[in-house]
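In what follows, chains carry the letters A, B, and so on, assigned in the order in which the sequence lines appear, proteins first and then strands, with residues in each chain numbered from 1. Below, all heavy atoms of this structure are taken into account, side chains as well, without hydrogens, waters or symmetry copies.
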Protein chains: 2
Amino acid sequence: MKSKDKVTIYDISKKLNISAATVSRALNNNPKISEKTRELVVKTAREMNYKQNRLAQALKQGRTNNVGVIVPYINRSFFSSVIRGIEEELTPHGYHIIIGQSHEEVEIEAEQLNALLNTQIDGIFMSVSKTTQKTDHIKKVLEEQTPLVFFDRKIDIPSVSSVVLDDYKAGYIATEHLIKEGCSRIAHLSGDINLEIYRNRFEGYKKALKDYEIDFNPEYVIQVNSKIESGMQAIDDLWKLEEKPDAIFSAGDYAALGAMQELRARKIKIPQEVCVVGFSNEPFTKYMELPITSMDQTPLMMGKIAAQVFLEQVKETNAYTVEKKVVLPPELIIRDSSNRKLLKLSDVS
Amino acid sequence: MKSKDKVTIYDISKKLNISAATVSRALNNNPKISEKTRELVVKTAREMNYKQNRLAQALKQGRTNNVGVIVPYINRSFFSSVIRGIEEELTPHGYHIIIGQSHEEVEIEAEQLNALLNTQIDGIFMSVSKTTQKTDHIKKVLEEQTPLVFFDRKIDIPSVSSVVLDDYKAGYIATEHLIKEGCSRIAHLSGDINLEIYRNRFEGYKKALKDYEIDFNPEYVIQVNSKIESGMQAIDDLWKLEEKPDAIFSAGDYAALGAMQELRARKIKIPQEVCVVGFSNEPFTKYMELPITSMDQTPLMMGKIAAQVFLEQVKETNAYTVEKKVVLPPELIIRDSSNRKLLKLSDVS
DNA sequence: TTGTAGGCGTTATCAT
DNA sequence: ATGATAACGCCTACAA
């Protein structure tokens with residue numbers, strides 16, 4: 001099996017009685033080469049079914065034109081959209097993208113990172129896992145001088161660029177929206193507080209409550225993961241309280257979905273009795289029979305901007321690394337799960 | 001930026017006053033080396049923060065330990081689960097996985113394939129795009145002697161292995177299920193007939209009708225893509241017919257979802273008036289307020305088996321390539337959208 | 001057990 | 001404009 005009869009520039013050079021160097025130059029559009037030989041070389045290369053060995057080229061040039069992207073999961077709409085954005089921006093520049101999943105495990109994340117570094121990647125885009133507390137494995141990337149760009153879930157390391165959402169503002173907007181819909185006992189399903197994004201959403205939530213003079217009630221804050229079940233469990237817990245909430249602001253769409261399922265099971269009307277807001281604008285939020293209000297994170301743009309930051313970084317040859325921190329505005333997509341106004345309108349008809 | 005001060009085995013050898021060969025052997029657990037030197041080398045390698053350059057290693061060894069996976073989209077639950085399966089099976093063998101998306105475009109598919117071949121991949125897993133008619137770009141893979149395994153969406157090429165679902169049976173089972181629920185005017189939302197999988201689902205559907213002596217009505221067959229909107233459009237078309245269908249068997253979950261939304265908009269009761277069955281068991285089918293019956297393709301297993309086929313193939317050194325065609329059984333997950341029996345039960349209570 | 005030397009396929013430098 | 005040659009970092013006969 002392993003006997004690939006590879007055609008090299010050497011084979012071409014022999015066939016044409018010229019040097020391998022000339023062949024290389026012809027293939028790389030080197031200016032100082034006659035048009036005649038270039039055409040000849042290109043033609044015979046095609047005839048002989050020559051394929052450039054990027055391994056050898058990369059070894060020689062010290063760059064692979066490959067970049068790595070590490071995300072917790074690729075099948076979250078948010079992450080796959082960011083990847084798509086990076087792809088669109090980088091492909092025209094000749095880069096290829098290697099995707100790795102950490103499955104939210106810091107050990108796997110470290111392995112993936114290591115593997116990418118070994119393959120001599122030209123840059124790394126990453127969104128850290130929930131379990132990433134230590135940053136040793138990430139610092140190694142910097143030691144290798146490999147450009148690194150965080151997106152969405154970052155870790156504060158000096159001189160490292162990042163593109164993130166304004167999660168504080170997002171938390172504020174979501175909560176404010178619920179208040180304006182007439183809710184006052186607003187529960188918050190928070191993500192893992194280890195991650196900055198979830199801390200920020202939580203802080204934004206608290207600030208909105210404060211601005212509208214609603215007392216913050218710690219009992220209304222439940223930590224969930226991004227599974228349906230944890231959203232159901234949260235409702236279970238919340239509904240044991242004396243004063244039931246009249247709104248749920250979930251830091252994730254899956255937990256919001258679980259919450260809605262549990263509320264439905266308890267015959268609680270949405271949005272009449274309880275309004276629900278999710279986060280991430282996963283496609284399913286739109287498709288539900290009762291579509292869920294959710295926060296859009298403009299993932300495509302996030303990916304594109306992250307790619308641009310990377311491109312600037314590699315352009316700055318020898319210059320000192322410029323740290324760039326981009327913060328994108330969130331956009332609340334209001335749907336039926338929190339839209340009481342719409343409800344009143346349809347009552348009329 | 002591009003001045004990575006790489007540590008090589010040469011640096012280590014100089015520091016320890018031994019040869020680079022010895023260092024290499026020590027690092028690769030070569031048996032004929034003294035335990036003492038091995039430990040010493042390993043230790044100083046770590047101290048000097050040595051990282052093996054897999055590029056050089058790959059160039060020398062003729063293998064990269066990388067495999068490529070090409071799918072239409074990574075954010076379809078089915079595809080990302082297959083990838084997960086491949087990953088789980090291959091990671092323990094030291095392989096890394098490079099993922100590429102074709103976005104259902106044969107041109108992009110060809111580019112991705114080419115890029116992977118250039119990077120000297122050790123094998124390729126792929127599920128072809130809808131627009132793949134010509135197979136020239138795929139034949140190139142074979143010319144390079146690179147192991148290739150198709151999964152789910154294959155193309156019949158002699159000597160190429162594949163792992164697919166028994167789509168014919170799946171189509172049969174789905175249709176039979178609808179018949180047993182009392183449906184007789186069963187419409188079929190078919191996928192692109194260019195793809196074998198959709199042809200097979202369609203054929204299975206027809207066979208079930210025949211076995212149960214239901215006339216096949218070509219007007220009941222609408223071709224859709226995997227977008228919600230096309231499912232809505234299909235209902236629009238079907239409901240212009242004299243005899244409205246009383247069941248929908250969709251070859252995709254997204255079209256099934258669109259169909260259900262349109263049926264709901266028309267106040268048609270599911271499953272009382274119309275039963276709906278989808279295909280792929282996308283997570284959202286389970287989470288809906290009215291969960292959708294769907295066909296599970298056991299993607300995790302499909303990925304694992306594809307990986308095993310690949311491993312066998314590379315093991316067969318020099319032996320003639322063995323073509324292996326694996327066909328997996330489908331599993332119908334029955335949910336509310338087609339479950340009239342459940343309905344009767346709950347009527348009682 | 002360890003060292004020497006050549007080569008994987010490419011490109012860059014220095015000649016010509 | 002083209003050719004010869006060295007080098008990228010690693011591995012592996014072959015020799016010692």
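- Residues satisfying the ring-ring contact (aromatic ring centres under 6.0 Å, His included) criterion with B:His103, sequence neighbours excluded, are B:Tyr73.
- Sorted by first then second residue, the salt bridge (Lys or Arg N to Asp or Glu O under 4.0 Å) pairs that include residues 83-95 of chain B, not counting sequence neighbours, are B:Arg84-B:Glu87, B:Arg84-B:Glu88, B:Glu88-B:Lys304.
- Applying the salt bridge (charged side-chain N to carboxylate O under 4.0 Å, His left out) test to A:Arg25 and every residue at least two apart in sequence or in another chain returns nothing.
- OP1 or OP2 of D:dC11 sits under 4.0 Å from a side-chain N or O of B:Gln52.
- Looking at residues two or more places apart in sequence or on another chain, you find a side chain to side chain contact (heavy atoms under 4.5 Å, CB included) between B:Ala110 and B:His137.
- Note on A:Ser24: a base of the nucleic acid sits closer than 4.0 angstrom, heavy atoms only.
- No more than 12 heavy atoms of other residues, nucleotides or ligands lie within 6.0 Å of NZ in B:Lys15, so this atom counts as exposed by the packing criterion.
- Checking side-chain atoms of A:Ser129 against main-chain N and O of A:Ser102 turns up no donor-acceptor pair under 3.5 Å.
- Judged by closest nucleotide on DNA chain D, B:Asn53 is the one of B:Asn53 and B:Lys32 placed further toward the 5' end.
- Here A:Lys130 pairs with nothing under the salt bridge (charged side-chain N to carboxylate O under 4.0 Å, His left out) rule; sequence neighbours left out.
- Listed by chain and number, the residues in a salt bridge (charged side-chain N to carboxylate O under 4.0 Å, His left out) with A:Lys325 are A:Asp156, A:Glu323 (sequence neighbours excluded).
- Going from atom CG of A:Leu59 over to atom P of D:dC11 covers 12 Å, rounded to whole Å.
- Checked against salt bridge (charged side-chain N to carboxylate O under 4.0 Å, His left out), B:Lys43 has the following partners two or more places apart in sequence or in another chain: B:Glu47.
- Summary of the strand contacts: A:Ala56 and B:Leu27 both lie near DNA chain D, and taking for each the nucleotide with the nearest heavy atom, the more 5' one is attributed to A:Ala56.
- In this structure, A:Gln120 places its CD atom 9 Å from P of D:dG9, rounding to the nearest Å.
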Could you write out each protein N or O paired with an N or O of nucleotides 3-5 of chain D at a distance under 3.5 Å?
unit_1, atom_1, unit_2, atom_2, d
D:dG3, OP2, A:Ser19, N, 2.8
D:dG3, OP2, A:Ser19, OG, 3.1
D:dG3, OP2, A:Thr22, OG1, 2.4
D:dG3, N7, A:Arg25, NH2, 2.6
D:dG3, O6, A:Arg25, NH1, 3.2
D:dG3, O6, A:Arg25, NH2, 3.4

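- Direction change of the helix axis from one end of the helix from C:dT1-D:dA16 to C:dT16-D:dA1 to the other is 40°, with five pairs defining each end axis (rounded to 10°).
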| field | Stepwise ring-ring contact (aromatic ring centres under 6.0 Å, His included) check, A:Phe125 with A:Phe151 | value | CA-CA 7 Å; A:Phe125 296 85; A:Phe151 62 90; 7.2 Å; no

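- Salt-bridge annotation for A:Lys324 and A:Glu312: present, with a side-chain N of the basic residue lying under 4.0 Å from a carboxylate O of the acidic one.
- Among residues two or more places apart in sequence or in another chain, the ring-ring contact (aromatic ring centres under 6.0 Å, His included) test is passed with A:Phe150 by none.
- Chain A approaches DNA chain C over the interval C:dG9 to C:dT13, counting the first and last nucleotide 5' to 3' with an atom under 4.0 Å from its heavy atoms.
- Here A:Ile9 lies in heavy-atom contact (under 4.0 Å) with a base.
- The nearest whole Å value for the distance from the CG atom in A:Leu55 to the P atom in D:dC10 is 13 Å.
- A heavy atom lying under 4.0 Å from DNA chain D marks the following residues of residues 34-43 of chain A, by number: A:Ser34, A:Thr37.
- Rounding to the nearest 0.5 angstrom, the gap separating the CD1 atom in A:Ile97 from the OG1 atom in A:Thr91 is 5.0 Å.
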